[in-house]
Amino acid sequence: MPNNEKERIKTTLKDHGFKLTKQRLSLIEILLKEDRYVTATYVYNKMSGIYDGISYDTIYRNLYTLHEIGVVEETTLDGEMQYMIACSDHHHHHFICDNCGMVKVIHYCPVDEWQKEIPGAKIDGHKIELYGLCSNCRND
């Protein structure tokens with residue numbers, strides 16, 4: 001687990017007035033180790049092995065908080081919200097493998113070109129994700 005990434009996240013939490021609780025830090029460590037999108041249920045199953053009596057509500061509340069302060073990215077895969085540590089502080093998009101969940105950052109953004117096709121409109125935001133099979137999964 002990248003220690004500097006963990007320290008950056010701790011600083012972000014402190015800067016936003018959040019406590020560095022053991023549960024919150026464990027959740028962050030789980031997401032850092034995965035380095036892919038995972039469901040709240042996945043996080044809950046990992047956390048319940050560490051903390052007796054932890055609730056789904058605690059998991060969802062922390063994921064929501066971490067998303068609101070930019071520590072966690074979220075997306076919907078297979079109709080379910082999934083989460084991962086935000087992979088950078090600059091604009092980018094993702095390729096996500098449908099089989100293994102591998103996430104690859106795509107730095108190119110086509111929105112400026114699309115903006116030309118809708119003159120007079122103003123694009124305020126967007127999220128682009130590409131889905132398919134990574135090279136490892138295509139060879140299986």
Next item on the list: Answer yes or no: does atom NZ of K22 have more than 12 heavy-atom neighbours from other residues, nucleotides or ligands under 6.0 Å?
Entry: no
Next item on the list: For atom CG of D57, decide whether the heavy atoms of other residues, nucleotides or ligands shown that lie under 6.0 angstrom number more than 12.
Entry: yes
Margin query: Between K122 and D124, does any NZ, NE, NH1 or NH2 come within less than 4.0 Å of an OD or OE carboxylate oxygen?
Written below: yes
Is the backbone of [Y] close enough, under 3.5 Å, to the side chain of [X] for a donor and an acceptor to pair up by distance?
| X | Y | value |
| --- | --- | --- |
| S48 | Y44 | yes |
| N139 | S135 | yes |
| Q23 | N62 | no |

Next item on the list: Show your working on side-chain contact (heavy atoms from CB on, under 4.5 Å) between K14 and K19 and close with a plain yes or no.
Entry: CA-CA 7 Å; K14 288 178 190 174; K19 294 179 183 175; over 6 Å; no
Notebook entry, point to check: When you look at N99 and N136, which way does the side-chain contact (heavy atoms from CB on, under 4.5 Å) test go after all the steps?
Noted result: CA-CA 10 Å; N99 187 51; N136 288 337; over 6 Å; no
Next item on the list: Using the side-chain contact (heavy atoms from CB on, under 4.5 Å) rule, take T39 and M81 through it: C-alpha gap first, then chi angles, then the decisive distance, then the call.
Entry: CA-CA 6 Å; T39 64; M81 190 63 74; over 6 Å; no
Measure the [atom1]-[atom2] distance between [X] and [Y] for me, rounded to the nearest 0.5 Å.
| X | Y | atom1 | atom2 | result |
| --- | --- | --- | --- | --- |
| M47 | E29 | CE | CD | 10.0 Å |
| C137 | M102 | SG | CE | 7.5 Å |
| I106 | L130 | CD1 | CG | 4.0 Å |
| L27 | I59 | CG | CD1 | 5.5 Å |
| I85 | K33 | CD1 | NZ | 12.5 Å |
| N4 | I9 | CG | CD1 | 10.0 Å |

Under 3.5 Å donor-acceptor pairs involving side-chain atoms of residues 64-72, not counting sequence neighbours:
| unit_1 | atom_1 | unit_2 | atom_2 | d |
| --- | --- | --- | --- | --- |
| T65 | OG1 | R61 | O | 3.0 |

Checklist line | Side chain proximity check, H92 to Y108, heavy atoms < 4.5 angstrom | finding: no
Checklist line | Side-chain heavy atoms of E73 within contact of Y83, under 4.5 Å | finding: no
Notebook entry, point to check: Apart from V103 itself, what residues make up its hydrophobic cluster when side-chain heavy atoms of I, L, V, M, F, W and Y under 4.5 Å apart count as a link, directly or indirectly?
Noted result: Y37, L77, M84, I96, Y131
Next item on the list: Begin with the C-alpha distance, continue with both residues' side-chain angles, and end with the deciding distance and a verdict on side-chain contact (heavy atoms from CB on, under 4.5 Å) for T41 and Y56.
Entry: CA-CA 8 Å; T41 301; Y56 273 109; 3.8 Å; yes
Of all heavy-atom pairs between [X] and [Y], which one has the smallest distance, and what is that distance?
| X | Y | value |
| --- | --- | --- |
| Y60 | A40 | CE2-CB, 3.3 Å |
| K46 | I30 | CB-CD1, 3.5 Å |
| A86 | E5 | O-OE2, 3.7 Å |

Next item on the list: Tell me whether the centres of the aromatic rings in H93 and H126 are closer together than 6.0 Å.
Entry: yes
Are [Y] and [X] linked, directly or through intermediate hydrophobic residues, by side-chain heavy-atom contacts shorter than 4.5 Å (ILVMFWY only)?
| X | Y | result |
| --- | --- | --- |
| F95 | V38 | no |
| I123 | I128 | yes |
| Y51 | L63 | yes |

Check: Side chains of Q82 and T76: do they bring a donor and an acceptor to under 3.5 Å?
Finding: no
